[in-house]
Structures are given as structure tokens and as C-alpha cells.
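Report on the following structure.
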2 protein chains.
Amino acid sequence: MASRAKATIFDIAREAGVSKSTVSLVLQGSGLIRPETAVKVRKAIEDVGYVYNRGAANLRKAHSNVIGMVINDLTNPFFAELAVGMERVFQSAGIVPFIANTAENPVRQEEVLKSLMEQGVAGLIVSPARGTMPSAFRRLEMAGVPVVFAMRRLPESRVPVIAPDNHRGAYLAAAHLIGKGHRRLAFFGGSSDLVVYQERLGGFREACETQGIAARDVLVIEGETSRRGGLACLEAALAMAEPPTAALCFNDAVAFGVMLALRKRRLEPGADFAVVGFDDVVEAEHYMPALTSVAVDTAGLGERAAHVMLKMIQSRTTRAEDHIGAVNLVVRESCGPDRRTRNRPAGTGGAA
Amino acid sequence: MASRAKATIFDIAREAGVSKSTVSLVLQGSGLIRPETAVKVRKAIEDVGYVYNRGAANLRKAHSNVIGMVINDLTNPFFAELAVGMERVFQSAGIVPFIANTAENPVRQEEVLKSLMEQGVAGLIVSPARGTMPSAFRRLEMAGVPVVFAMRRLPESRVPVIAPDNHRGAYLAAAHLIGKGHRRLAFFGGSSDLVVYQERLGGFREACETQGIAARDVLVIEGETSRRGGLACLEAALAMAEPPTAALCFNDAVAFGVMLALRKRRLEPGADFAVVGFDDVVEAEHYMPALTSVAVDTAGLGERAAHVMLKMIQSRTTRAEDHIGAVNLVVRESCGPDRRTRNRPAGTGGAA
DNA sequence: TTGATTTATTGGAACGTTCCATTTATAGGC
DNA sequence: GCCTATAAATGGAACGTTCCAATAAATCAA
């Protein structure tokens, strides 16, 4: 019952009447030991309540089986979905990934990375915090620990990236809006220190140019990538002289904020102002109205990142190909046609 | 640039022209070494790109500084909030907690716990997966690892629990509904194999009895604790002969599902059917209509759990007091009066 | 100067594994 | 029976730390 000092491989060796080496072999499932012996040993392990000391083992083995996942914002359901995808593949490889949150704080991130390294992780999947210095991952690189960036990338870094095709996603979304007759468009939320932001905004701009929207008719408002940020963006936009009639949001959280702000002003998202999100989190489908959003196959990206990581570890390299995931626009109910265009054809009722 | 074999304490000793012991002392911030020596050593550490091997250290030190958090459903924002609270206090103690997800799967949970133990965690904060066998934590207990249950408890277990006052919360919510004139009440979602469920349902029932609601007028429908579950519950309820006019939901996710189902049927949550959630996740406030919910101070509970854990580790005990957190009902817009009652006083308009 | 005290530094033995090189037991070939 | 081949089990050294006991250097009291 009560536990004296922790049991070691020696204790169980004595218990089973074999040598420590034999126990070690059993622990590793070696085929060298006689089945009956193995059984005997396993019983002793059970009886004594032995717990394997991976730290000690790693001292010799050089490679642990711990993989860390460093996330910039645990409260964003998006990252939970990403984690779930990763876990699926790690689980089947017998690995338990450890998740750590940096809360979008580079200093905290530094601590987290340090701790993970000290723990002797075999590899790291990271969504870097905003404002991460390029140097932040130097230590990892020096130590030869495989690192994969998921969703976000750093300006100049040779770390492989698994991310969706942000440019294309934004392009599709903007084109959709324009196709619906909107002529004054906005891009809401995010900030320019994020590479993702550049990419999404780039796609948005390209669509506008290609489809003949004048530069002065596109409004870009940076802001927090949260509901609150979206709310602020919409308020700012509607305060302008000639406000936009549609917006592509940096992500779904921003879009939800925008819809909320519209409701507060007794405007109907979709009918009165079109909004498109990005990421297509599960809530998007369940919103009222359901949010049109760029689906990035989050869980799939997570799986992909995990696979790449596994391969890197296996081939003990620190390099790998980037992977840009396909995206597609999921059209739901959050963007009707521009009202001005809409009034010309048959008058459709008001309530959605 | 390229990294040869990992640098050890010996390498940096040679580099700095001191002994390994001195380096070790510096690493631990001992006051015994001369400041200038310490500086010299620290420089060498930097130059060589040394990373501390905590596994090796733990071999001697017996106590690591790793704390694990085992969560049953990472995709529920509720748990992210809990984690954030914990992280706040661990961070100030210089500890990086590792989070692992069990996805509500007892088998996976077993693996996760095993892995964490092997890693030599100093303590574990756990929200056990549904269907966890009481024996699942025996090993931990045998090994003397401090464990705290957060939010959920196991039927018979001496592990300290940090949880909200579920009974009281449910009581308050039900009383609120009854006070609004509702006479046919439902309890939606959750399943009876969860202790939390028993507690919440108990509070609900007590309120009904106390306030004179006949037993045959209270409807209990178990279901998934997710949006989807809520949807199903509402459908089932409305299909009955004399459907309820209000529901307390097991948690906010269920409540969101219920509201969604109402909308699908062109019913207005609040006006046509009252719904109350439980947990008061951040989204509750931002829903349309804003969800009345039982606030449990999730982050506060997380902080509390972390503090208890720290204290247990410090006093090397495996026992601690339970902590039942205060709750309060946050009234928003998701529950108007019973329609029948409402028609009697002055006619208030329809739209909320 | 000498010894006692304090201050800095150091060597060596653990810690719990793995893995290589051996040893011991078992079987096979002749 | 003896030698060899195969199978099964073992002892010892190593892994990178910590910590104790011991040493070396500096300071002080006489």
C-alpha cells in the first residue's frame, strides 16, 4: 500500500529472480527473452507497482519520445482542432504529445521552449507567438531538435511550415463578395506583423484589383484577432463617410465579433452587411446566421504537421518541405448581395 | 553552427576552466561561487549552446518541476479557460505545465497518465474522462504523486476535488426559471455516469420540489454534452404531448445547441422558450440572445487547483481539502417569462 | 609564523536506465 | 563424448547530473 522509495529495475529483478538486464530487455519487448521469463517479470512489475523512469533511459538512449506542441492561444478553438488532428496521428505512433500555451507572449514562449528542451523533447510543433524574434529558435536549431511551424511562419526562417493557402483563401472569399455585387470592401482584423496577415491581405487585394475594385474602395482596418477586435473594426468602418458593404475578416473570431456588432446596431448580418470569416471553426456552421468562411481543414493540417514531424525524427533531419494546404470557401448565409444591387431585382423579404 | 554531440556540464567546465561541480553550482544559482566565476561560466554556457538535461538532474533530485494537466475535452473552451487560470499561478512559480488531452477516452487517459508518470511529473491536475474506473488512479497513488481533480470527481476516491457548487448553481437557475412563471421544466444533456451530472440534476430537482413543481412536470433528457446533444434534447422535448417551456442545460454547449434548435424551428430563445446554461463560458455573453448561465469562475478554479497542487507538492502530501467554488447566476436575455404568464400583464412586444 | 576559520572550488559516488561483451545453458552434428 | 552453433541471461560501463566530503586559498587572531 504505502510506497517506500520508488521501485527500480533492480527491485523488480530481485522480485522476479532475474538480473536487471533481463528486466530491461523485457521492458523493451525484446524477443531475446524466454516468454515464461517475460511473464514472470511482468508480474513482478505489476506487483511492485514499478514505474519506468524515462529520464534515466533517455540518458543512454539519446532520443526521447516526447513531442511538444507549443500554441499561441489555447482559448482559440481553432488551435484545439489543430491539436486534435495531431493527436490522432501521434496516438497511433504511441506518442503522447504535450501541449503548452504561450498566450501570444514571446517571453513566455521563451520559457516554454526552454523547459521543453530541457525535458529532452524529440521534436516541436509550434505556432509562434506574435512578435517572436527570428532568433528565438536558434537554440533549438543548434541542438538539432526538429521543429515544424504550424499555421504561422516567421519572416526569415528555414523551419518547415505547414499552413493553409492563405493567399488563395482570401482571394476566393473576396471574389465571392465581389461576385455578389459588393463594390466597397473591407478587410478586418489582424496585424501586419504576422506573415499570415500579409498573405491573407495579399489575396484579398489581388482579388480586388483583378476584378476592378478601385484601391480607394478597399478599406483595411487592423485589430485584435478576437471577437472584440471584430466589434471594434465594424464600428470604425461604419463611422466612415462611405462605409463598406462587406468585409473579409482575418479569422472567424473577428467575424463573430463583426456579426455581433451588426446585431447590436439592429443590422442583419448577411442581408445588411456581408461578412466572411477565415478558418471555418466548428462554430461557424452553428452561428446565426451561419458564417460563410474559408475552410482550411484544420485537423488535416494538424495531421500533416504530425506526419512531417515523425518523418523528420525518423530521418534525424531538421529540414523538410513546406506544406501548403488546400482551402475552400464554404458558402453559408452570412453574405447576401449588396443592398443596392439587390433592390433592382424582385424584392426579397427582410427577415432571414 | 552545426551541432556535434550535445554539450554537457563537462564541456562547459573545460571551456570556462573550472570543474563540473562549479558549473553545477552556477546552474543552481548557488551563492557559494564567486560572482566573477559565475559570469565566466555563464558566458561559456552561452557560447557552447548548452542545454540543461533535466532528466539527468532528476535522477538525483527525486523531484522534478513538471506538472501535468490532463483534460478530458480540449475542444471545450471551458477547459481552455481553466488551463489559463492554472497557468497564471504556475508561471509565477516558474513552472511550465504540460497539457494533455484524453478526448473523453479512458483508454487514452490511461496512456496519458502512464506517459506523464514516466516523465516523472511532480503532480497532476486532472479532469477525468467519462467512464474512468476508480482504479485508474491507483498507480499514481502508489507512487505518491499528488493528484487534484478539477471540475469532475470520481464516485469513490480520496483525491481532493476543486469544483464549483454544482448543486447550488442548478438550484439558483431552476429557481430563476420558476420565478419567471415557468411550470413545466426540463433538464437537458449530460449523463448520469458523471458525478457532476448528479449534483446539477439534484439542485434542479430540489428547486422544483421546494417551489412546488410537480414531479410529473419535470422532464429530464440525457444527452451528449455538446451543441449537438442540446439540439437533440430540444427536439425530443418538443415532440412530447405537453412540452416544457424552459430548460436548464447541463452546460453552455448544450444550451447553445438548444438555442440553435429553437431558431431552426423559428422560435425565439428567451421569448418562446427559456434556456439557462451552466459554466458561463465567454461565448455566453456574446450569443444572440445572450445566454443566461451559471457562472462558476472557471479561471479562478484553475488558479485554486494550481495553488492546492503547489501546496501539496511542497508539503509532500497526497491529501488536501476539497474546494467548492461559489457560483452565481448571470441573468442575460435567454429566458423570458412563460408565455402563458406573460400574456396576462401588459402586452410587451415580441422582439427581444 | 602558526593554527583556526571562512570562502571557493573540486573529485567521486550515486541516481536508474541501456547496451555491449560475456557467460551459461541447451541443442545439434558428427 | 566433443566441438560448434544457437538461445537466454548477465555484469559492467556509460549517460549527465547533484551533493557530500574533501581540498585549496584567503583571512584573521594570536
Side-chain angles (χ1 to χ4, degrees), chain A residues 3-42 44-45 48-66 114-115 117-122 143, chain B residues 3-42 44-45 48-66 114-115 117-122 143:
Chain A
S3 72
R4 59 199 121 276
K6 282 197 198 335
T8 79
I9 213 182
F10 282 92
D11 297 313
I12 93 112
R14 183 162 12 86
E15 185 82 6
V18 296
S19 81
K20 62 166 181 33
S21 304
T22 304
V23 177
S24 176
L25 261 352
V26 173
L27 249 16
Q28 297 171 77
S30 161
L32 285 182
I33 38 82
R34 201 150 40 105
E36 329 159 29
T37 313
V39 169
K40 209 167 50 179
V41 170
R42 266 190 273 271
I45 289 180
V48 179
Y50 164 78
V51 337
Y52 183 73
N53 184 333
R54 208 169 280 276
N58 287 342
L59 218 43
R60 293 270 329 192
K61 288 210 297 191
H63 250 32
S64 78
N65 72 153
V66 178
K114 180 152 170 266
S115 176
M117 287 197 70
E118 291 180 356
Q119 231 54 241
V121 288
Chain B
S3 72
R4 60 201 123 271
K6 281 197 197 338
T8 79
I9 215 182
F10 282 92
D11 297 313
I12 94 112
R14 181 162 14 83
E15 184 82 7
V18 297
S19 80
K20 61 164 180 34
S21 304
T22 305
V23 177
S24 176
L25 261 353
V26 173
L27 249 16
Q28 297 171 77
S30 161
L32 284 182
I33 39 79
R34 200 153 39 105
E36 327 160 32
T37 312
V39 169
K40 209 168 47 179
V41 170
R42 267 190 273 272
I45 289 181
V48 179
Y50 165 78
V51 336
Y52 183 72
N53 184 333
R54 208 170 281 277
N58 287 342
L59 217 44
R60 294 269 330 190
K61 289 211 295 191
H63 250 28
S64 79
N65 72 153
V66 177
K114 178 152 170 267
S115 175
M117 286 196 70
E118 292 181 355
Q119 229 55 239
V121 288

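Residue numbers begin at 1 in each chain, while the letters A, B, ... track the order of the sequences. The figures that follow rest on heavy atoms only: side chains count, while hydrogens, waters and symmetry mates do not.
- Put simply, CD1 on Ile12(A) is 12 Å from P on dT10(D), counting in whole angstrom units.
- Ranked by how close their nearest DNA chain C nucleotide is to the 5' end, Ile33(B) and Lys61(A) are led by Ile33(B).
- Here dT17(C) presents its P atom at 11 Å from CG of Leu59(A), a figure rounded to the nearest Å.
- For Arg60(B), the listed nucleotide lying nearest its side chain is dT17(D); candidates were dT17(D), dG16(C), dG12(D).
- A distance of 11.5 Å separates OG1 of Thr37(B) from CG of Leu32(B), quoted to the nearest 0.5 Å.
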message: Pair Leu59(A), Asn53(B) - check side-chain contact (heavy atoms from CB on, under 4.5 Å), show working.
response: CA-CA 9 Å; Leu59(A) 218 43; Asn53(B) 184 333; 3.9 Å; yes

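- At the heavy-atom level, Phe10(B) lies under 4.0 Å from base atoms of the strands shown.
- Side-chain contact between Arg42(A) and Val26(A) is present, with at least one heavy-atom pair separated by less than 4.5 Å.
- Checked by atom type and distance alone, the side chain of Asn58(B) never pairs as donor or acceptor with a backbone atom of Gly55(B) at under 3.5 Å.
- Contact annotation for Leu25(B): base contact, defined as any heavy-atom pair under 4.0 Å involving a base atom.
- Following rounding to the nearest Å, Lys20(B) (NZ) and dA22(D) (P) show an atom-to-atom distance of 15 Å.
- Among dT17(D), dT18(C), dT10(D), the nucleotide with an atom closest to any side-chain atom of Ala57(A) is dT18(C).
- If Ser21(A) and Gly31(A) are placed on DNA chain D by their nearest nucleotide, the residue sitting closer to the 5' end is Gly31(A).
- Between Ser24(A) and dC19(C), a side-chain N or O to OP1/OP2 separation shorter than 4.0 Å is absent.
- In this structure, the CG atom of Asn58(B) is 11 Å from the C1' atom of dC15(C), given to the nearest Å.
- Within the structure, every side-chain polar atom (N or O) of Thr8(A) is placed at least 4.0 Å from both OP1 and OP2 of dG16(C).
- The interatomic distance linking Lys6(A) (NZ) with dT17(C) (P) rounds to 11 Å, in whole Å.
- At whole-Å resolution of the value, CG in Leu32(B) and P in dA22(D) are 17 Å apart.
- Put simply, the side chain of Arg34(B) and the base of dA8(C) share no donor and acceptor less than 3.5 Å apart.
- Straight-line distance from the CD atom of Gln119(A) to the P atom of dT17(D): 13 Å, rounded to whole Å.
- The phosphate of dA9(D) (OP1 or OP2) has a side-chain N or O of Thr37(A) nearer than 4.0 angstrom.
- One interatomic measurement links the two molecules: CD1 of Ile9(B) to P of dA14(C), which rounds to 19 Å at whole-angstrom precision.
- Contact check for Val66(B) versus Gln119(B): no side-chain heavy atoms found under the 4.5 Å cut-off.
- At the phosphate of dA9(D), neither OP1 nor OP2 sits under 4.0 Å from any side-chain N or O atom of Thr22(A).
- Of the side-chain N and O atoms in Gln28(B), none sit less than 4.0 angstrom from OP1 or OP2 of dT17(D).
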